[in-house]
Amino acid sequence: DSGVTQTPKHLITATGQRVTLRCSPRSGDLSVYWYQQSLDQGLQFLIQYYNGEERAKGNILERFSAQQFPDLHSELNLSSLELGDSALYFCASHRGQGSSPLHFGNGTRLTVT
Amino acid sequence: GESVGLHLPTLSVQEGDNSIINCAYSNSASDYFIWYKQESGKGPQFIIDIRSNMDKRQGQRVTVLLNKTVKHLSLQIAATQPGDSAVYFCAEINFGNEKLTFGTGTRLTIIP
C-alpha cells in the first residue's frame with residue numbers, strides 16, 4: 001500500500017459530461033502530481049501542486065483543471081468529456097523536497113461512452 | 001522536449017534467470033532516477049532509485065546501474081519469479097524544474 005488514496009476506482013460516463021477525480025496524498029507529503037495513462041501507454045504528466053499552489057503543468061487540456069486543498073487532498077476535474085479521454089488517471093504524492101520517489105495511488109479508470 | 005526512452009518494449013525471461021531492462025535518457029542535467037513496476041490494474045510501484053552522483057545501487061534482487069557517459073540506466077532483476085511479470089518504467093527527475101519524466105515502459109514476462 002503506497003498510502004495514496006484515489007477515488008473512485010472506476011467511473012463510466014457519457015461524452016460531454018464532467019467528472020471529478022479525488023486524491024489523498026500520503027501523510028506528510030506536500031506535492032501532488034496527476035498523470036494520465038492510456039491503454040498500454042506510458043504515463044503522461046498533467047499537473048503538479050505543492051502545498052496548495054500549482055507548481056508545474058504538463059500536457060493538460062484546457063478542459064481539464066485541478067486544485068489542491070488546504071488539507072492537501074487534490075481533485076482533477078475533467079469536463080466536456082470525449083471518447084479519447086478514456087484512460088487511467090493516477091495521482092502521486094511526494095514529500096516535496098530531496099531525492100525521494102513519487103508514490104502512486106492505484107488510479108481511477110475513466111471510461112467515456 | 002527532453003525524454004526518457006526504453007530500448008525494448010517487451011522482454012521474456014525464463015523463471016529463475018536474471019533479467020536486464022535498459023533505459024536511455026537524453027537530459028544530462030537529470031539528478032535522480034527511479035525504476036517503477038506496474039502490474040495490471042495497479043499504480044506504478046517504486047522499486048529502486050539512484051542519484052546522479054552514484055553508478056550502482058543494490059536492493060533485494062534488484063540492481064540499478066547508471067552510466068552518465070552514455071546516458072544509460074538499467075535495472076537488473078536476479079532470479080526472476082512469476083511475480084516479476086509487469087511493465088517496468090524508468091523515470092528521471094531534474095531538481096531544477098522538479099519535472100519527473102517517464103519512459104514508455106518495458107513489459108517483462110516471466111516464463112514458468
Side-chain angles (χ1 to χ4, degrees), chain A residues 1-7 9-10 21 23-26 29-51 53-60 87-111, chain B residues 1-6 8-10 21 23-25 27 30-54 57 59 62 64 66 73 75 86-109:
Chain A
D1 182 10
S2 67
V4 179
T5 303
Q6 288 188 250
T7 58
K9 290 184 179 179
H10 302 277
L21 312 183
C23 170
S24 293
R26 290 195 322 161
D29 284 359
L30 299 178
S31 274
V32 169
Y33 296 71
W34 285 97
Y35 285 84
Q36 180 192 56
Q37 186 178 41
S38 300
L39 186 63
D40 286 339
Q41 297 294 312
L43 291 134
Q44 295 296 319
F45 170 65
L46 296 177
I47 198 165
Q48 178 206 354
Y49 282 83
Y50 174 79
N51 203 21
E53 300 286 328
E54 182 183 304
R55 179 64 68 94
K57 254 185 178 179
N59 300 320
I60 187 167
L88 273 166
Y89 291 84
F90 288 104
C91 167
S93 74
H94 184 258
R95 67 186 185 193
Q97 60 182 3
S99 303
S100 62
L102 274 64
H103 293 273
F104 285 80
N106 280 327
T108 293
R109 181 175 293 280
L110 173 66
T111 302
Chain B
E2 300 289 354
S3 63
V4 178
L6 296 178
L8 296 172
T10 61
I21 301 172
C23 176
Y25 64 94
N27 186 357
S30 289
D31 306 287
Y32 176 59
F33 302 86
I34 310 168
W35 279 101
Y36 286 94
K37 171 186 180 183
Q38 187 176 22
E39 296 174 277
S40 180
K42 295 185 178 180
Q45 175 189 0
F46 167 76
I47 301 174
I48 192 167
D49 58 0
I50 188 167
R51 299 177 187 177
S52 60
N53 61 352
M54 302 170 67
R57 190 157 189 235
V62 293
V64 56
L66 176 62
L73 190 70
L75 175 71
V87 176
Y88 290 81
F89 293 95
C90 66
E92 59 175 330
I93 294 180
N94 180 328
F95 290 135
N97 59 19
E98 294 184 42
K99 187 177 179 183
L100 175 70
T101 304
F102 279 91
T104 54
T106 292
R107 182 176 300 280
L108 175 66
T109 301

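What you are looking at is a predicted structure, and each value in this text was computed from that prediction instead of being measured. We name chains A, B, ... by the order of the sequence lines, and we start the count at 1 in each one.
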Is the side chain of A:Gln6 donor-acceptor paired with the backbone N or O of A:Cys91 at a distance under 3.5 Å, no angle test? yes
Donor-acceptor pair, distance only, cut-off 3.5 Å: does the side chain of A:Thr5 make one with the backbone of A:Ser24? no
Check the orientation of B:Tyr36 and B:Phe46. Use parallel for under 30°, tilted for 30 to 60°, and perpendicular for over 60°. perpendicular
Give the member of A:Ala92, A:Ser100, A:Gly58 that has the highest number of heavy-atom pairs under 4.5 Å with chain B. A:Ser100
Out of A:Gly107, A:Pro101, A:Gly105, A:Ser2, return the one with the most heavy atom pairs under 4.5 angstrom to chain B. A:Pro101
By a 4.5 Å heavy-atom criterion (distance strictly below it), what part of B:Gln38 contacts chain A: side chain, backbone, both, or neither? side chain
Report the residue from B:Tyr32, B:Phe102, B:Phe33 that forms a ring pair (Phe, Tyr, Trp, His ring centres under 6.0 Å) with B:Tyr25. B:Phe33
